[in-house]
Amino acid sequence: QVQLVESGGGLVQAGGSLRLSCAASGYTFSRLNVGWFRQAPGQEREFVAAISRSGADTPFADSVKGRFTISRDNAKKTVYLHMSSLKPEDTAVYYCAARNVILTVPAGVQAGSYDYWGQGTQVTVSS
């Protein structure tokens, strides 16, 4: 069983930056593909970014390319989502998700690719 805890959300003005963290426990972290998803009120959950267990594959949603980056620190068992040039439309609850992978495979961009989810952290961008 994998436990995921997100942190780092908050209120920020448009154009500002935030760094979200996803701390994992309960499994060998280096064998996890990790993804970030978000859900705004009244909308479906959507893919934001992901990182493969090796760190070599890092897909991004078109809406965040060039503004968000993702990284992982296996020693700290944490994945980071670095968000910059934030826009009001980035306002949502952000969730991290994980999947145990035995072999190196591309990081999934579908929610169904992931087996474990965190509780979410709120990001609010004011205009």
Side-chain angles (χ1 to χ4, degrees):
Q1 192 76 3
V2 177
Q3 292 81 42
L4 303 171
V5 178
E6 303 96 334
S7 61
L11 174 64
V12 64
Q13 289 187 331
S17 300
L18 281 176
R19 187 185 75 168
L20 303 184
S21 300
C22 174
S25 62
Y27 198 77
T28 304
F29 182 77
S30 61
R31 293 185 178 180
L32 297 178
N33 279 2
V34 177
W36 284 96
F37 294 77
R38 67 187 181 186
Q39 188 167 20
Q43 297 187 21
E44 295 186 352
R45 190 169 299 189
E46 65 174 0
F47 170 75
V48 176
I51 187 166
S52 61
R53 56 174 280 182
S54 69
D57 184 41
T58 56
F60 291 90
D62 288 343
S63 59
V64 306
K65 281 181 181 177
R67 301 189 297 121
F68 292 11
T69 61
I70 190 169
S71 62
R72 64 188 297 153
D73 185 333
N74 286 350
K76 295 183 177 179
K77 300 182 180 181
T78 301
V79 168
Y80 302 100
L81 183 68
H82 308 262
M83 308 186 295
S84 61
S85 301
L86 284 162
K87 304 175 182 180
E89 50 264 44
D90 294 317
T91 295
V93 177
Y94 283 70
Y95 300 89
C96 72
R99 176 193 176 194
N100 302 330
V101 291
I102 298 175
L103 301 175
T104 298
V105 297
V109 302
Q110 301 292 331
S113 300
Y114 296 90
D115 302 310
Y116 305 99
W117 292 81
Q119 82 289 348
T121 185
Q122 176 71 46
V123 172
T124 302
V125 184
S126 63
S127 57

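Heavy-atom basis, side chains included; hydrogens, waters and symmetry copies ignored. Sequential numbering from 1 along the given sequence is applied to the chain's residues.
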Open item on the list: Nearest 0.5 Å, please: how far is CD in Glu89 from CD in Gln43?
Closed with: 10.5 Å

Task: Minimal non-hydrogen separation, Gly108 against Tyr114, with atom names - done: O-OH, 2.7 Å

Open item on the list: side-chain contact (heavy atoms from CB on, under 4.5 Å) for Ile70 and Tyr80? Distances and angles first, verdict last.
Closed with: CA-CA 6 Å; Ile70 190 169; Tyr80 302 100; over 6 Å; no

Task: Ser71: side chain to side chain donor-acceptor pair (under 3.5 Å) partners, not counting sequence neighbours - done: His82

Task: same_hphob_cluster(Ile51, Val64) at 4.5 Å side-chain heavy-atom cutoff - done: yes

Task: Ring centres under 6.0 angstrom apart (Trp36, Phe68) - done: no

Open item on the list: In the structure I gave you, are the side-chain heavy atoms of Tyr116 and Asn100 within less than 4.5 Å of one another anywhere?
Closed with: yes

Task: Joint hydrophobic cluster, Leu81 plus Val125, side-chain heavy atoms closer than 4.5 Å - done: yes

TODO: Please confirm whether Arg72 makes a cation-pi placement over Phe29, using NZ or CZ under 6.0 Å from the six-membered ring centre and within 45° of the ring normal.
DONE: yes

Open item on the list: Between Asp115 and Val2, is there a side-chain heavy-atom distance shorter than 4.5 Å?
Closed with: no

- [ ] Using a cut-off of 6.0 Å, state whether more than 12 heavy atoms not belonging to Arg67 lie near its atom CZ.
- [x] yes

Open item on the list: Please check: side-chain N/O of Arg53 versus main-chain N/O of Ile102, any donor-acceptor pairing under 3.5 Å?
Closed with: yes

Task: Residues forming a side chain to side chain donor-acceptor pair (under 3.5 Å) with Ser52, sequence neighbours excluded - done: Ser54

TODO: Could I get the full list of salt bridge (charged side-chain N to carboxylate O under 4.0 Å, His left out) partners for Arg38, not counting sequence neighbours?
DONE: Glu46, Asp90

Task: Check against side-chain contact (heavy atoms from CB on, under 4.5 Å), Arg19 and Met83 - done: CA-CA 6 Å; Arg19 187 185 75 168; Met83 308 186 295; over 6 Å; no

- [ ] Find out if a path of hydrophobic residues (ILVMFWY) with successive side-chain heavy-atom gaps under 4.5 Å connects Phe47 to Val93.
- [x] yes

TODO: Indicate the atoms forming the closest heavy-atom contact of Ser126 with Leu11, along with that distance.
DONE: CB-CD1, 4.3 Å

Open item on the list: With a 4.5 Å cut-off on side-chain heavy-atom distances among I, L, V, M, F, W and Y, is there a chain of contacts connecting Leu20 to Val12?
Closed with: yes

Open item on the list: Using a 3.5 Å distance criterion without hydrogens, assess whether the side chain of Thr78 forms a donor-acceptor pair with backbone atoms of Lys76.
Closed with: yes

Task: Test side-chain contact (heavy atoms from CB on, under 4.5 Å) applied to Lys77 and Tyr27, step by step - done: CA-CA 10 Å; Lys77 300 182 180 181; Tyr27 198 77; over 6 Å; no

Open item on the list: Restricting to non-hydrogen atoms, name the atom on Gly9 and the atom on Thr121 that form the minimum distance, rounded to 0.1 Å.
Closed with: N-OG1, 3.2 Å

Task: Set of residues satisfying side chain to side chain donor-acceptor pair (under 3.5 Å) with respect to Thr58, sequence neighbours excluded - done: none

Task: Non-hydrogen side-chain atoms of Ser30 and Leu32 separated by less than 4.5 Å - done: no

Task: Those residues that, when tested against Ser25, pass side chain to side chain donor-acceptor pair (under 3.5 Å) (two or more places apart) - done: Gln3

TODO: Starting from the C-alpha separation in whole Å, work towards a yes-or-no answer on side-chain contact (heavy atoms from CB on, under 4.5 Å) for Thr91 and Gln122.
DONE: CA-CA 8 Å; Thr91 295; Gln122 176 71 46; 4.0 Å; yes

- [ ] Verify the neighbour count for atom CD of Gln13: are there more than 12 heavy atoms of other residues, nucleotides or ligands below 6.0 Å?
- [x] no

Task: Aromatic ring proximity Tyr95/Phe37, centre distance under 6.0 Å - done: no

Task: Residue pairs, two or more places apart or on separate chains, that pass disulfide bond (SG atoms under 2.5 Å apart) and touch residues 80-127 - done: Cys22-Cys96

Task: Heavy-atom closest contact (Ala14 atom, Ser127 atom, distance) - done: CB-CA, 4.3 Å

